[in-house]
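Notes follow once the structure below has been shown.
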Amino acid sequence: MSALLLVSARKHFQQPKFFAPVVPDYLCREDYAVGHAEAGQDKTKPTAPHNGALAVMSREEWIAVSGLLEAVAAVGLLIPATRRAAARGTTLMFTAFLAGHVDALRRAYSPTGTVSARRIHTLRLPLQIPLILWAWSLAGAKRGA
């Protein structure tokens, strides 16, 4: 599990676009941008973003934070004194990631979704279940001789 988390954490920083579709739009802050004005407005001036209440970070920041969380979880799983807490945290993290996978699947099957996105996210979502169960098993497994 630690190796898997470390590889994934590294990929968050090397190929962040791989994770971009799994970050729900409602979590992503949109900064002021030029060229996104509505009809009848000057497109050369910055426009106010339409952020939801949960939009506290940009998509890139969410990807970086989740990569850091995965790296911390990987290290925590390797240390006997922190293994149980890290396993519980990893279970919660994977469970929270379900929301992103469900949202990505929803968008893949929307009118703007592609056949490729449908295929990818239809496979990606169910993979979370074994990861959650694996992490949970590490939290309750007996340690020692």
Side-chain angles (χ1 to χ4, degrees), residues 1-38 43 45-145:
M1 174 71 75
S2 289
L4 177 78
L5 286 166
L6 284 173
V7 168
S8 179
R10 189 173 110 198
K11 188 169 183 145
H12 276 76
F13 296 99
Q14 289 181 332
Q15 296 175 318
K17 288 184 181 186
F18 177 79
F19 298 96
V22 188
V23 181
D25 292 337
Y26 58 82
L27 291 179
C28 299
R29 183 191 71 234
E30 292 182 34
D31 294 326
Y32 287 85
V34 173
H36 288 46
E38 295 188 20
K43 291 191 179 200
K45 293 183 180 177
T47 59
H50 301 282
N51 293 324
L54 299 175
V56 295
M57 293 188 283
S58 69
R59 187 172 311 277
E60 294 77 16
E61 290 167 335
W62 279 112
I63 293 168
V65 166
S66 63
L68 285 172
L69 287 173
E70 287 184 0
V72 168
V75 172
L77 288 171
L78 293 173
I79 302 169
T82 61
R83 186 170 293 134
R84 184 171 290 215
R88 287 180 179 154
T90 302
T91 302
L92 290 173
M93 179 178 67
F94 285 150
T95 302
F97 289 171
L98 273 174
H101 288 282
V102 168
D103 188 61
L105 187 64
R106 179 193 58 79
R107 282 184 278 120
Y109 280 91
S110 75
T112 59
T114 65
V115 172
S116 175
R118 288 181 188 118
R119 193 174 302 127
I120 289 167
H121 295 296
T122 297
L123 294 172
R124 230 171 154 178
L125 174 62
L127 290 175
Q128 287 301 113
I129 302 304
L131 290 173
I132 292 167
L133 294 174
W134 185 11
W136 182 250
S137 74
L138 296 174
K142 302 257 185 210
R143 304 286 178 223

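Residues take their numbers from the sequence shown, with the count starting at 1.
Minimum heavy-atom separation, Ala86 to Ala73: CB-O, 4.0 Å. In this structure, Ala104 and Pro21 approach most closely via the heavy-atom pair CB-O, 3.2 Å. Across all their heavy atoms, Gly100 and Pro24 have their closest contact at CA-CG, 3.7 Å. Of all non-hydrogen atoms in Ser66 and Phe97, the two that sit nearest each other are CB-CZ, 3.9 Å. Scanning both residues, Thr90 and Leu77, for their nearest heavy atoms gives OG1-CD1, 4.3 Å. Annotation for Ala9 and Gly67: closest pair CB-O, 3.3 Å, computed over non-hydrogen atoms.
Screening residues 114-130 for salt bridge (Lys or Arg N to Asp or Glu O under 4.0 Å) gives no qualifying pairs among residues at least two apart or on separate chains.
Panel note: side chain Arg59, backbone Ala20; a donor-acceptor pair is recorded below 3.5 Å. Listed for the Ser8 side chain is no donor-acceptor partner under 3.5 Å among the backbone atoms of Leu4. Ser110 places a side-chain N or O within donor-acceptor distance of the main-chain N or O of Arg107, the cut-off being under 3.5 Å. Between the side chain of Glu61 and the backbone N or O of Ser58, at least one donor-acceptor pair lies under 3.5 Å. Checking side-chain atoms of Trp136 against main-chain N and O of Arg88 turns up no donor-acceptor pair under 3.5 Å.
Residues satisfying the ring-ring contact (aromatic ring centres under 6.0 Å, His included) criterion with His12, sequence neighbours excluded, are Phe19.
Distance check, rounded to the nearest 0.5 Å: CD of Gln128 to CD1 of Ile132 gives 6.0 Å.
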